[in-house]
Student: 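A single structure is presented below for examination.
From a predicted model like this one, the values you see are computed outputs, not experimental measurements.
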Amino acid sequence: MRTRFAPSPTGFLHIGGARTALFNWLYTRRHGGTFVLRIEDTDQLRSTDESTRAILDAMTWLGLNWDEGPYFQAERVVVHRQMVQKLIDEGKAYYCTCSSEDLEAKRKKAMAEGRKPKYDGACREKGLRRSPDSVVRFRCPEMGVTVMHDLIKGNISFNNEELDDLIIERADGYPTYNFAVVVDDAQMGITHVIRGDDHVNNTPKQILIYEALGYEVPLFGHVPMILGSDRARLSKRHGATSVMAYQEMGYLPEALVNYLVRLGWSHGDQEIFTIEDLIHAFSLEAVGKSPAIFNPEKLLWLNQHYITACPEEKLLALVTPFWERKEFDVSDRRYAALAAENLRTRSKTLVEMADSGAFYFREEVDYDPEAAAKFLTTEYVGYLEVVAERLPGVANYTKDGIEAFLRSLAEERGTKLKWIAQTVRVALTGRTVSPGIDEIMVILGKERVIRKIRRAIDRIRAGG
RNA sequence: GUCCCCAUCGUCUAGUGGCCUAGGACACUGGCCUUUCACGCCGGCGACCGGGGUUCGAAUCCCCGUGGGGACGCCA
């Protein structure tokens, strides 16, 4: 069994493409087949090397390794031209000199008149020869029915009269998609073509080309589209669509993979899947037929799940670049690891984790104005002073020891722990929301804590 | 417009004629825990698009509507 993923290098790998690649990859791994990567770069104008690289990077980041390739379609034009010639020789294709402008005008007219815009066959029987601006068209049968057997959608049949004589070779001598894809898939021995729903209408034309060329027709599987919240095709308007943008936003590849696979596919009530689970459980029969709407909240939830489940060293390795990006000194790995552990249950993304951990790495506390106005006041400064004074004498400097210390202080002062904790919290982190104050104090260490508290006291004494 | 496809909570989905007073998850929401937040735990809200059939019995099968998506390029 051989499958392929065949993106065109005209942009980044997007969410939809990634899911198609993932389904291909899982199906192939499940059945022990060979996964081929082919770059469809026959559009000379829009294909770029940067896009190719970006797509490869994204595939790698997601863990979708390929067994063969990447092959570049544009490097195979000689083969494509041979096959075009073969069709011409056999009378199954012909030259056409209709201009793009004429065709466009005819298309518009047909649409306006409520007809299906379809090539009128003007050059079909002219017996034209190759000329500088001629293209080659495939001679489509005008009657009969072509049926596609789809692994996801079941049988779909098309009346051949609906199909038209599509261009298979452009004036620039490069093959068009519908032709190149057939030649390449056939010659690369692809047995299962798993791709987006938007290709369903291309399939009958492709089947006809397979047959004209004497190739065996592969099995198809068309996966439904991913839509945005307004049910329109997913686009930038709905937020990030590039896979690598999710890496930058602090998502784990496991989360994206898990989210994407559940978009259209399910396995009973299971929500969380490891790659191993997926390889064992995945099947195209369980892929739904209807389009799915991309839901960023659920992806966020999964990301949080994977951050929570991530092994300690791995989590540290993952956040570190995000901290470095903020120019924090994270050279003390033991300290950084403690900070990461402390932040994990309250971070939905690595970016969030990096941001909320700023107080661990910056000497200067960035006080939230509202928090400071409420707690860094002469009313509460006494709490800070007593903490700073007595902290050096706290022998049991642990989470429990610190909590006991703060509680006894509250009792002594006739107040609730809450008020002391919040004041200290703002002094140490700059905000009213943070991890447990005792945990923070343990990780920061006595010296750092005292320094930060003294600085807060100075700030209050200076009048805010 | 023409052709193709699809249709269960707001969203992702379970469900393949009786197990369904329709299950799970996200989101939302009430409570518990609590030094704030988060996590966690317990509870709540919330759907079979409509109409006809078939059947003893339909979310499940058929037909017609309606709605949504896709395709209609010398893009892929």
Side-chain angles (χ1 to χ4, degrees), chain A residues 6-10 40-43 45-47 73 96 98-100 103-104 107 110-118 133-137 148 150 153-154 156-159 161-164 166-178 180-181 195-204 222 224-225 227 229 231-233 259 262-272 288-302 304 308 343-348 356 371 403 406-407 410 416-426 429 431-438:
Chain A
S8 65
T10 52
E40 310 233 315
D41 54 350
T42 50
D43 184 338
L45 273 80
R46 296 196 294 168
S47 299
Q73 194 160 59
C96 167
C98 295
S99 75
S100 308
L103 292 170
E104 185 55 31
R107 258 195 294 274
M111 290 259 234
E113 289 173 4
R115 302 196 322 276
K116 181 160 183 151
K118 171 178 164 175
D133 55 355
S134 67
V135 300
V136 179
R137 284 184 185 273
M148 159 173 84
D150 195 286
K153 301 193 172 256
I156 302 177
S157 55
F158 301 83
N159 287 321
E161 59 184 328
E162 296 294 335
L163 280 22
D164 72 349
L166 66 154
I167 292 173
I168 58 177
E169 188 178 288
R170 294 186 267 242
D172 67 4
Y174 279 84
T176 56
Y177 166 73
N178 280 304
V181 76
R195 70 216 320 189
D197 216 347
D198 48 340
H199 287 290
V200 167
N201 288 283
N202 287 325
T203 310
H222 287 98
M225 307 264 77
L227 275 27
S229 48
R231 300 194 164 273
R233 201 181 176 133
Y259 178 69
R262 282 286 290 99
L263 217 49
W265 176 82
S266 61
H267 188 63
D269 284 339
Q270 193 173 344
E271 293 288 348
I272 305 294
K289 299 178 181 179
S290 49
I293 293 172
F294 186 78
N295 180 220
E297 278 77 35
K298 188 156 183 183
L299 170 57
L300 211 48
W301 170 73
L302 277 163
Q304 181 170 42
T308 303
L343 263 12
R344 81 194 301 164
T345 58
R346 43 210 122 211
S347 307
K348 288 188 198 295
S356 63
E403 187 183 340
L406 293 177
R407 279 194 192 283
K416 286 183 175 175
L417 173 60
K418 177 177 168 177
W419 301 110
I420 296 183
Q422 284 302 77
T423 305
V424 173
R425 189 186 314 283
V426 175
T429 69
R431 25 213 93 226
T432 52
V433 169
S434 85
I437 195 66
D438 42 15

Student: Taking a pair as Watson-Crick or G-U wobble with both distances under 3.5 Å, which nucleotide is matched to B:C20?
Tutor: none
Student: Taking protein heavy atoms under 4.0 Å as touching, what does nucleotides 24-33 of chain B look like 5' to 3' if B marks base contact, S marks sugar-phosphate-only contact and - marks none?
Tutor: BBSS------
Student: Under 4.0 Å, counting only non-hydrogen atoms across every strand here, what does A:His199 touch: a base, just sugar-phosphate, or nothing?
Tutor: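 Answer is base: heavy atoms of A:His199 come under 4.0 Å of a base.
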Student: Contact class for A:Asp164 vs. all strands (heavy atom < 4.0 Å): base, sugar-phosphate, or nothing?
Tutor: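 Nothing: the residue A:Asp164, judged by heavy atoms under 4.0 Å, touches no strand.
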Student: Could you tell me whether A:Asp164 and A:Lys116 have a side-chain N and a carboxylate O separated by less than 4.0 Å?
Tutor: no
Student: Can you list everything that forms a side-chain hydrogen bond (donor to acceptor under 3.5 Å, both in side chains) with A:His199? Sequence neighbours excluded, please.
Tutor: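 Once residues adjacent in sequence are excluded, the partners of A:His199 under the side-chain hydrogen bond (donor to acceptor under 3.5 Å, both in side chains) criterion are A:Tyr177, A:Asn202.
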Student: Can you measure A:Ile293 atom CD1 to B:C6 atom P for me and round it to whole angstrom units?
Tutor: 18 Å
Student: Determine the contact category for A:Ser8: base if any of its heavy atoms lies under 4.0 Å from a base atom, sugar-phosphate if only primed atoms, P, OP1 or OP2 are that close, otherwise nothing.
Tutor: sugar-phosphate
Student: Touch check for A:Arg344, heavy atoms < 4.0 angstrom, all strands: base, sugar-phosphate only, or nothing?
Tutor: nothing
Student: Which atom pairs link the protein and nucleotides 3-5 of chain B when you take only N or O atoms and keep those under 3.5 Å?
Tutor:
residue	atom	partner	partner atom	Å
B:C5	O2'	A:Lys153	NZ	2.8

Student: Let me confirm one number: the CD1-CG distance from A:Ile167 to A:Leu103, rounded to the nearest 0.5 Å.
Tutor: 6.5 Å
Student: Looking at A:Glu161 and A:Lys118, does any basic side-chain N land under 4.0 Å from a carboxylate oxygen?
Tutor: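 Result for this pair is no, no salt bridge flagged.
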Student: Applying side-chain hydrogen bond (donor to acceptor under 3.5 Å, both in side chains), name anything that partners A:Asp198, two or more places apart in sequence or on another chain.
Tutor: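 By the side-chain hydrogen bond (donor to acceptor under 3.5 Å, both in side chains) rule, A:Asp198 matches A:Arg233.
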Student: Using both distances under 3.5 Å as the test, list the Watson-Crick or G-U wobble partner of B:G65, or none.
Tutor: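 Paired with B:C49.
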Student: Can you give one letter per nucleotide of nucleotides 61-66 of chain B, 5' to 3': B if a protein heavy atom sits under 4.0 Å from the base, S if only from the sugar-phosphate, - if neither?
Tutor: ------
Student: A:Asp43: what forms a side-chain hydrogen bond (donor to acceptor under 3.5 Å, both in side chains) with it, not counting sequence neighbours?
Tutor: A:Arg46
